[in-house]
Amino acid sequence: MELAAANAASGAGGPFGAVIVRDGAIIAEGANSVVRTADPTAHAEVVAIRNAASALGTHELSGCTLFASCEPCPMCLGAILWARIDRVYFAATKSDAAAAGFDDSLFYEQFGKPAGERIVPMLQQSVPDRVRPFREWQSFSGKVTY
């Protein structure tokens, strides 16, 4: 909460902060830096995940717990799942965030629609051998699964 409040008060970024802990020690932290870095993915949780992965030298963060100032948005939830973080604790809810102007309801609504009916239409193209990259991946003996 202190990280999020300080970030907002300083003007460095939005009112969000996150800390990742493993075995009782803080591994990494992150604060929202979307505007400062011109990176729409620089949410506090994503920044913390990037920092933790770098600090630990791995993309897989099992054994870690993420503490967030607010309930993670859909993008951050996806990053948390991909990182294999064990548990998330959060303070403010998505309703609290919406009341402050950070409303994710549109995203949740869009996920429930067929790809071609979303605000940004997603149209599958007919491409010969479209699954070749997956076959190559499956047959590559040196792959690291994630």
Side-chain angles (χ1 to χ4, degrees), residues 1-8 10 12-98 100-116 118-125 127 129-146:
M1 296 307 297
E2 292 300 319
L3 182 60
N7 198 53
S10 72
F16 302 97
V19 175
I20 296 180
V21 174
R22 178 184 265 174
D23 298 327
I26 295 175
I27 301 300
E29 62 182 40
N32 179 284
S33 59
V34 169
V35 174
R36 182 176 52 79
T37 61
D39 178 355
T41 68
H43 290 199
E45 298 90 336
V46 172
V47 172
I49 289 168
R50 289 173 182 161
N51 291 340
S54 179
L56 296 173
T58 181
H59 64 279
E60 206 267 321
L61 301 178
S62 63
C64 292
T65 299
L66 186 144
F67 293 86
S69 62
C70 187
E71 186 173 359
C73 76
M75 177 185 69
C76 293
L77 175 57
I80 289 162
L81 294 172
W82 276 113
R84 307 295 193 260
I85 290 173
D86 288 358
R87 181 172 286 112
V88 175
Y89 293 97
F90 63 90
T93 67
K94 61 184 176 185
S95 297
D96 297 326
F102 298 93
D103 189 355
D104 295 331
S105 61
L106 175 67
F107 297 95
Y108 291 105
E109 176 188 305
Q110 291 297 299
F111 292 143
K113 293 185 175 188
R118 296 179 184 148
I119 290 174
V120 176
M122 298 180 182
L123 309 167
Q124 183 182 15
Q125 298 294 299
V127 176
D129 207 14
R130 70 178 187 269
V131 296
R132 179 176 169 218
F134 296 115
R135 284 197 315 271
E136 295 292 338
W137 172 253
Q138 289 172 320
S139 66
F140 179 60
S141 64
K143 69 179 166 264
V144 175
T145 57
Y146 57 97

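Predicted, not measured: the structure shown is a model, and the values here were computed from it. Any value given below was found using the heavy atoms of this structure, including those in side chains, with hydrogens, waters and symmetry copies removed.
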Q.
Using every non-hydrogen atom in the two residues, find where A38 and P40 come nearest and quote the distance to one decimal.
A. O-CD, 3.9 Å
Q: Quick one: list whatever passes side-chain hydrogen bond (donor to acceptor under 3.5 Å, both in side chains) with S139, sequence neighbours left out.
A: none
Q) Between D86 (side chain) and T65 (backbone), is there a donor-acceptor pair under 3.5 Å? A) no
Q: Verify the distance criterion only: is there a donor paired with an acceptor across the side chains of E60 and T58 at less than 3.5 Å?
A: no
Q: Answer yes or no: is there a donor N or O on one side and an acceptor on the other, between the side chain of S33 and the main chain of G13, under 3.5 Å?
A: no
Q) Which of parallel (below 30°), tilted (30 to 60°) and perpendicular (above 60°) describes Y146 and H59? A) perpendicular
Q: Output all residues satisfying side-chain hydrogen bond (donor to acceptor under 3.5 Å, both in side chains) with E109, sequence neighbours left out; order by chain, then residue number.
A: none
Q) Quick one: SG on C73 to CG on D103, what's the gap to the nearest 0.5 Å? A) 12.0 Å
Q: Indicate the atoms forming the closest heavy-atom contact of L123 with G116, along with that distance.
A: CD2-CA, 4.4 Å
Q. Are there more than 12 heavy atoms of other residues, nucleotides or ligands under 6.0 Å from atom CZ of R135?
A. yes
Q. Where do I49 and I85 come nearest, in terms of heavy atoms and distance?
A. CG1-CD1, 3.8 Å
Q: Inspect the surroundings of CZ in F107 and state if more than 12 heavy atoms from other residues, nucleotides or ligands are less than 6.0 Å away.
A: no
Q | Euclidean distance, I27 CD1 relative to L66 CG, rounded to 0.5 Å | A | 12.0 Å
Q) So does W137 have more than 12 non-hydrogen atoms from other groups sitting under 6.0 Å from CH2? A) yes
Q | Taking every non-hydrogen atom, the tightest pair across P72 and Y108 | A | O-OH, 4.0 Å
Q. Considering all heavy atoms of both residues, which atom of G14 and which atom of N32 are nearest to each other, and what is their separation?
A. N-OD1, 3.0 Å
Q) To the nearest 0.5 Å, what is the distance between CZ (F16) and CG (L3)? A) 12.5 Å
(Q) Between C70 and D96, is there a side-chain heavy-atom distance shorter than 4.5 Å? (A) no
Q. Is the number of heavy atoms from other residues, nucleotides or ligands under 6.0 Å of I26 CD1 greater than 12?
A. no
Q.
Using side-chain hydrogen bond (donor to acceptor under 3.5 Å, both in side chains), reason through N51 and S54 one step at a time and then give a plain yes or no.
A. CA-CA 5 Å; N51 291 340; S54 179; over 6 Å; no
Q. Under 3.5 Å, is there a donor-acceptor pair between the side chain of E45 and the main chain of A79?
A. no
Q: Can you measure from CD (E2) to CG (N7) and round to the nearest 0.5 angstrom?
A: 12.5 Å
Q: Measure the CD-CE distance between Q110 and M122 for me, rounded to the nearest 0.5 Å.
A: 8.5 Å
Q: Identify the two heavy atoms, one from P15 and one from S69, that lie closest to each other, and give their separation to 0.1 Å.
A: O-OG, 3.9 Å
Q) Considering only heavy atoms from C-beta outward, does the side chain of L106 approach that of I119 to under 4.5 Å? A) yes
**Q.** Nearest-0.5 Å distance that lies between atom NZ in K94 and atom CG in L77
**A.** 10.0 Å
**Q.** pair R84-L61: side-chain heavy atoms closer than 4.5 Å
**A.** no
Q | From CA spacing to verdict: side-chain contact (heavy atoms from CB on, under 4.5 Å), L56, R22 | A | CA-CA 10 Å; L56 296 173; R22 178 184 265 174; 3.5 Å; yes
